[in-house]
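Basis for what follows: all heavy atoms, side chains included, without hydrogens, waters or symmetry-related copies.
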Amino acid sequence: MICLFFSANWCRPCRTFTPLLVQLYNTLQKRDEKLEIIFISLDHDKNEFEQYLQTMPWLAAPYDTELQKQLCDEYHVDRIPSFVPLCGDGISKQDDLIGFIEDYGAEAFPFTRKRRQELKAMDRAKRVEGKLEDLLGNRGLNYVISRHGGKFISLQTPISQLVGKTIGLYFGAYWSPPSRSFTAKLSKVYKEIMDKTEDHSLEVILVSTDRNLVEFKLNVADMPWLAIPYEDESQQELYRIFDVKTIPTLVLIGADGKTASENGRGLVCLYGAEAFPFTEERIEELEAAVKKEGEELASNVEDIKHEHVLKLELAKAYVCDFCKRQGRFWAFSCDACDYDLHPSCVQLISNV
């Protein structure tokens, strides 16, 4: 198979992608796969071309601006990097072959639509078939780690010991302020759940995107749960399998090993420990309870400390203007002012 690699030294995305392509190429060469790549330079001059070529183990077309233009026109290249397989069933530029290679590396070969369908089906099976050991230890290590006594001492827990528990896959990083904020929230909820469940049937596992081992150790030091080892390749796979684009994200795996929710962060923030074990039935129970609570409250009230009528509204989170504590679900709010009250505080005020 012959593939054309359109790239340039002045292009930052190109310089980021090229080492990934080098790794893929070297891996496939070791496997004796029949692949050759030809670099098509869009550099501004021959010196840049020659400098960039030194980072590549494959072939290159001679530096020729006229040839650059002809090939870009022939293969409809309007952005770089672009990777074009010269085969009938190859993934097109519109199908984002660059992203496909970034996601799967050498496993993407031979870069066909059929191969992409196969890999997507494998990811889907890991996500829905309920085999925790395949999900967490398929290509990486077969254990997770934890700290001990406030210090980072890598204690190993085999993945097999987690089967049958509710698992929260926590995607986050120490460099992310929203992640550190959610870590504090999740730690509180985790402790509440662990305190009230005798069999400790919940476990959270950090899936890190920390930039280095030092950050990873700082991140784990703030957490009472487990983590996938920093060097384990399965971390990148999990981000891909669950299509995690932003952090923090909490994916919940039920006791049966099947994905229960990909919005665990929202459930934790909304319901806290009450949402455990995060099953569909439990969430329906909580939603029904919230609805019933609202039906038992007045549709509007008057507060002697506020000049406007307060209407009953459903709010995910707010701060009560009377007790200054955070509230959730039902609030009595003013349409004209930024003023909210807990339903219980309205009753207290009425009795003053």
Sub-3.5 Å donor-acceptor pair from the side chain of [X] to the main-chain atoms of [Y], do we have one?
X      : Y      : value
Gln235 : Thr209 : no
Gln29  : Glu36  : no
Tyr339 : Leu310 : no
Arg127 : Ile241 : yes
Arg325 : Cys320 : no
Asp321 : Asp340 : yes

Would you indicate whether the side-chain heavy atoms of [Y] and [X] approach each other to under 4.5 Å?
X      : Y      : result
Phe100 : Phe83  : no
Trp58  : Leu21  : yes
Leu35  : Leu24  : yes
Thr279 : Thr166 : no
Phe39  : Leu59  : no
Arg115 : Phe109 : no
Leu169 : Leu250 : no

Pro19: what forms a side-chain contact (heavy atoms from CB on, under 4.5 Å) with it, not counting sequence neighbours?
-> none
Sorted by chain and number, sequence neighbours left out, side-chain contact (heavy atoms from CB on, under 4.5 Å) with Ala331 holds for Tyr318, Ser333
Of Ile167, Leu162, Val204, which meets side chain to side chain contact (heavy atoms under 4.5 Å, CB included) against Leu226?
->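 The passing option is Leu162.
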Applying side chain to side chain contact (heavy atoms under 4.5 Å, CB included) between Ser234 and each of Asn142, Leu136, Ile159, Ile228, report the one that passes.
-> Ile228
side-chain hydrogen bond (donor to acceptor under 3.5 Å, both in side chains) contacts touching [range] (sequence neighbours left out):
range            : value
residues 241-252 : Asp243-Lys245
residues 185-194 : Tyr190-Glu203, Lys191-Asp195
residues 174-183 : Tyr170-Thr183, Ser176-Ser179

Looking only at heavy atoms, which two atoms of Asp43 and Phe49 are closest? And how far apart?
-> OD2-CA, 3.3 Å
Sorted by chain and number, sequence neighbours left out, salt bridge (Lys or Arg N to Asp or Glu O under 4.0 Å) with Arg211 holds for Glu215
Gln23, CD atom: more than 12 neighbouring heavy atoms under 6.0 Å | no
For atom CD of Glu280, is the number of surrounding heavy atoms from other residues, nucleotides or ligands below 6.0 Å larger than 12?
->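 Check fails, neighbour count at 12 or below.
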Return the set of residues passing side-chain hydrogen bond (donor to acceptor under 3.5 Å, both in side chains) with [X] (not counting sequence neighbours), or none when no residue passes.
X      : value
Thr18  : Tyr52
Asp73  : Lys69
Asp123 : Tyr104, Arg240
Asp210 : Ser208, Asn219

For residues 284-299, run the donor-acceptor check on the side chains, cut-off 3.5 Å, and write out each pair with its distance to 0.1 Å, sequence neighbours left out.
from: Glu285; atom 1: OE1; to: Arg282; atom 2: NH1; distance (Å): 2.9

Pairs where residues 24-35 contributes a residue and the test salt bridge (Lys or Arg N to Asp or Glu O under 4.0 Å) is met, not counting sequence neighbours = Arg31-Glu33, Arg31-Glu107
Can you hop from Val77 to Trp10 via hydrophobic side chains spaced under 4.5 Å?
-> yes
Do Tyr75 and Ile2 share a hydrophobic cluster, counting only Ile, Leu, Val, Met, Phe, Trp and Tyr and linking them when any side-chain heavy atoms are less than 4.5 Å apart?
-> yes
